[in-house]
Structures are given as C-alpha cells and as structure tokens.
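Some notes on the structure that comes next.
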Number of protein chains: 2
Amino acid sequence: MKEITIQQNKVLDCIQDYINKTGFPPTRANICKELGFKSPNSAETHLRALEKKGFINIESGTSRGISLVNPKVNKNNEDAFPIIGLVAAGSPTLASENIEKTVNCSPTFFRESFDYFLRVKGLSMKDAGIMEDDLIAVKKTQDIRNGDIVIARIEDEVTVKYFERKSPEVVHLKPANEDFNDIEINLKETEIFIEGKSVGLIREN
Amino acid sequence: MKEITIQQNKVLDCIQDYINKTGFPPTRANICKELGFKSPNSAETHLRALEKKGFINIESGTSRGISLVNPKVNKNNEDAFPIIGLVAAGSPTLASENIEKTVNCSPTFFRESFDYFLRVKGLSMKDAGIMEDDLIAVKKTQDIRNGDIVIARIEDEVTVKYFERKSPEVVHLKPANEDFNDIEINLKETEIFIEGKSVGLIREN
DNA sequence: AATAGTACTGAATATTTATACAGTATATTA
DNA sequence: TAATATACTGTATAAATATTCAGTACTATT
C-alpha cells in the first residue's frame, strides 16, 4: 500500500468522522463542505486516489457508496481517555501531572459523552454504588440538574456528591453514606466550581 | 417504544445486513430488491413506520440517509461483547435470544479477560457497590477463590453473590446487603453451576 | 359503521448525487 | 525536459434516489 498524503488523510478522517456522526458515508459535496473545497471534483480526485491506494472502496454509480477497507482505521471509535487521580490544589484538572494513566474506550461508551475518568477516593457515595478506586466517567458541563452526581471543587478540594440547588444562593452537596453530612454552600460566602457530572462508572475488580 | 411488526422487523434486519455487508445503508430500491417488493413505496412506508416507532432515523432529502438507533455491531468484531439480560430457564446463557445488545470494548479493558456482560437485577450486592441495572463483566471460569463475586445458577435461577467454600460439600453464597440472607448450599442435595466470576463493572448512568 | 394502521402496486417527479470534461498550478520523478 | 502525481476551481449532466399521489385490500379498534 502506497503512502498516504496529508490531504488524503484529512479526507479519510473526514469520511470516518462523517460515518461515526451520521451512520452513513458522505457525498462528494459533504466532504467539500467539511474540508472547505469549492468543487466536488476536489473530493472526487481524493477519493479516487484513496481507492487506488487501497484505503477505501467506491461502489460505482452508487450514492454515498464509500466504504472503509481497513476497519481498524476506526481509531476514532477508540479514543484514549485520561484517568485523573489526586488533583493537586489549584492545578487544572486535565494537566498532564494529574493523569494517572489512560483508558482506551469508545467516546460513546455511555449514554452521554464524557471527557475523563476520575478515580474515587473515600466512601462518601457508597450507597450510590460508588466505591473507593472506582472510575467515574466525568462529562465537563455546567448543565446540572438536581439529583445529578457532580464533581465539585470547593476551595481546592475535589469532591463527588449529589447536587441539589435549594435556592439561587444555596446549594447542597449530599453524600450517599449516612456516616457523612450534607455540605451546605452559600454561594455568596463560599466559592464552588462544578467540574462536571458523572455519566457512568467503571470498576476494575 | 411501540411494538414492531413482523414485516417491519424484516425491513430492520435487512437494513442491518445491508450496512454490515456494504458499509452504507440501503436505498428504498435496495430494500425492495432484497425483500421482493415491487414498489419503492413499500419500503418507504415501512421506513416511516420504523422511524415513528423509534427504531431508525431518516435524514430527509438525503440518499441512503437511514441510521439505526440501536445498531448491532458486526459479530466478526472481536471487541463486541454481548449484554445478557434475563436468562430464560434452561437456555444456554449466550444464546442469541438472551442478548440484550452488544457493547464495544477492548477485551483487555479490565485486569482480567471476560466473556460477556450481565445486567444486574435486584440489590442483593448493594454494599459491594453493585446496583440494579449495572453491567457486570463476567469471566467464564471455574477457577473461583473465596471472596470472589460469582455468577451462579441454582435450579435455573441466576444470582450474583460472594463465594465462600466452607467444606468440600458446603458452599455459602453471601449477599452484600443486610436485608438478604446467606444461601447455604449442600452440594450433595442441591445442584449449583458456577457460570463464572465478576472481573469488573460498568454503570451507564 | 367508521376510523386507523398495516401492507402492498404502480407511476410520476423534483432533488440529490456521481462523474465526466476543461482548466490552473506546483512539486517530484525519470 | 517531459511525464506523472498532487491539489485544486468551475460547469454540466445523466443517473440515482427520495418522496408524493392514487389506488387496492385486509385487520383491529372504537
């Protein structure tokens, strides 16, 4: 198999992304729009080159008749997600010094997309089935609803709790363990930063 | 989600097969040829019914713009693991009728290899952080040690418990929930089959 | 008895799409 | 120096395709 050029690789990635996103391959026009080409023939020639080099098959006379030859090229299907362990005070969560290791896993593994895994310390969410050393799939978002399990940062300490907004100024962070107490936060007095919410969990026995 | 009819299910299977075979969804005409319809409108009406019932999405004005809501991945994919739901009495665990759906995941995702996921029913292992609807990664093995979480079948009922061998003839299956009682099994009286053991867990929030 | 859903045939049509043709330009190879 | 591959724009068009309309027939529900 001949070498692929940078542009051809962009087209190949574009096809992969399009399939992952929509479930079906793109048209020439779709590729043009995605990569900024102004003529469908730009896509066409790249496709012919990719076919010649064995990266794709093109079903002649068929709309969207592009198929990827090497299904392992589906690496967009398997991304590496970092596991965040102890988060140093003040440092950005995803800073490399906080990354324990990475896990290969599909971005669509859980019902919602997510950004990283957080390794759980302590048993404050025990009754929600979240145990020490479990990996919580964290989605970085500010779109939090009451009852969501949130990853919150209060004065440089990271904690995982149920979220409940009592009033515009008062937020409760509730553990799922009777040995722990609710944390009541008055936003006028105490600063709180919501890192995101839990969208899933993995336990390595 | 409403019930699917026999014909609609044939169309759904046809779409799945077509995608697995070609890499892209079929046209109305393709479906007609495959299923012996003589008018593209036969396919069209089935597709609209399937969309209405939530099995597929149709991108309007787009050729081959069909995408499956719950796509089953090619069985040749080494990284597709079945989720086993309710296991019918007497039927082999991995029989296709027991497969709820499949999950894409690396075989080496957990520390030990595994064979399938079991969807948990009930809260008998609550204090071990195993909640209802969690997915347990099950390794089919007879190599069980005391303290392992096993998937056991006792008289056609499947249960997840801690395993403890008291003597060559007596086995205890211990729940992790004080509302449940230990199950003591005398192997001379009661037959027990160990399906395997838990090597990990996934929770889809 | 009327309504709605399923399950088709058959034909018509507007839109989508692949694909060919005509160019321009640059870099690499023989 | 000529040939070849890459990397595009721009236009045109035949073929592929979605989608609508007009029917027929059966079944289940109200």
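Below, read A as the first sequence line, B as the second, and so on, with proteins coming before strands; counting in each chain starts at 1.
- Judged by closest nucleotide on DNA chain C, B:Thr45 is the one of B:Ser63 and B:Thr45 placed further toward the 5' end.
- Between the CD atom of A:Glu51 and the C1' atom of C:dT19 there is a distance of 13 Å, rounded to whole Å.
- As rounded to whole Å, 11 Å separates atom P of C:dT9 from atom CG of B:Leu35.
- Judged by distance alone, the side chains of A:Tyr162 and A:Asp148 never bring a donor and an acceptor atom under 3.5 Å apart.
- Checking D:dT17, C:dA11, D:dT11 against the side-chain heavy atoms of A:Pro40 singles out D:dT11 as nearest.
- Closest approach to the B:His46 side chain among D:dT20, D:dT9, C:dC8 is made by C:dC8 (side chain taken as heavy atoms from C-beta onward).
- The aromatic rings of A:Phe114 and A:Phe117 lie tilted to each other, with the angle between the two planes from 30° to 60°.
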field: Pair A:Leu47-A:Ile15, side-chain contact (heavy atoms from CB on, under 4.5 Å): steps then yes or no
entry: CA-CA 10 Å; A:Leu47 290 175; A:Ile15 296 167; 3.7 Å; yes

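- One can place CD of B:Glu44 at 14 Å from P of C:dT9, the figure rounded to the nearest angstrom.
- Screening B:Lys139, B:Arg153, B:Lys140 for a side-chain hydrogen bond (donor to acceptor under 3.5 Å, both in side chains) involving B:Glu195 leaves a single residue, B:Arg153.
- One can place CZ of B:Arg28 at 16 Å from P of C:dT9, the figure rounded to the nearest angstrom.
- Between C:dT17, C:dA7, C:dT19, one nucleotide has an atom nearer to the side chain of B:Thr62 than all others, and that is C:dT17.
- Between the C1' atom of D:dC8 and the CD atom of A:Gln8 lies a distance of 13 Å, rounded to the nearest Å.
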Mind listing the N/O atom pairs, protein and nucleotides 22-29 of chain C, below 3.5 Å?
unit_1, atom_1, unit_2, atom_2, d
C:dA22, N6, A:Asn41, ND2, 3.4

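- Using a 4.0 Å heavy-atom criterion, one finds that A:Ser42 contacts the bases of the nucleic acid, with or without backbone contacts as well.
- The interatomic distance linking A:Lys33 (NZ) with D:dC8 (C1') rounds to 20 Å, in whole Å.
- Minimum atom distance to the side chain of A:Arg48 is reached by C:dT19, of the listed D:dT19, D:dA18, C:dT19.
- Defined by atom type and a distance below 3.5 Å, a donor-acceptor pair is present between the side-chain atoms of B:Glu184 and B:His172.
- B:Lys38 has its NZ atom 14 Å from the C1' atom of C:dA7, to the nearest Å.
- The shortest distance between the side-chain N/O atoms of B:Gln7 and the OP1/OP2 oxygens of C:dT6 is not below 4.0 Å.
- Proximity note for B:Arg64 (side chain, C-beta onward) versus D:dT19, D:dT17, C:dT19: the nearest is D:dT17.
- Between the side chains of B:Asn30 and B:Arg64, a donor-acceptor pair is found at a separation under 3.5 Å.
- Put simply, A:Lys10 has no side-chain N or O that comes within less than 4.0 Å of OP1 or OP2 on D:dT6.
- Look at NZ on B:Lys52: it is 9 Å from C1' on C:dA4, rounded to the nearest Å.
- In the set D:dT9, C:dA18, D:dA7, the nucleotide with an atom closest to the side chain of A:Ser39 is D:dT9.
- Checked for salt-bridge contact, A:Asp134 and A:Arg203 meet the test: a charged N lies under 4.0 Å from a carboxylate O.
- Salt bridge annotation for A:Lys121-A:Asp133: present, with a cationic side-chain nitrogen under 4.0 angstrom from a carboxylate oxygen.
- Distances shorter than 4.0 Å separate some side-chain N or O of A:Ser60 from OP1 or OP2 on C:dT19.
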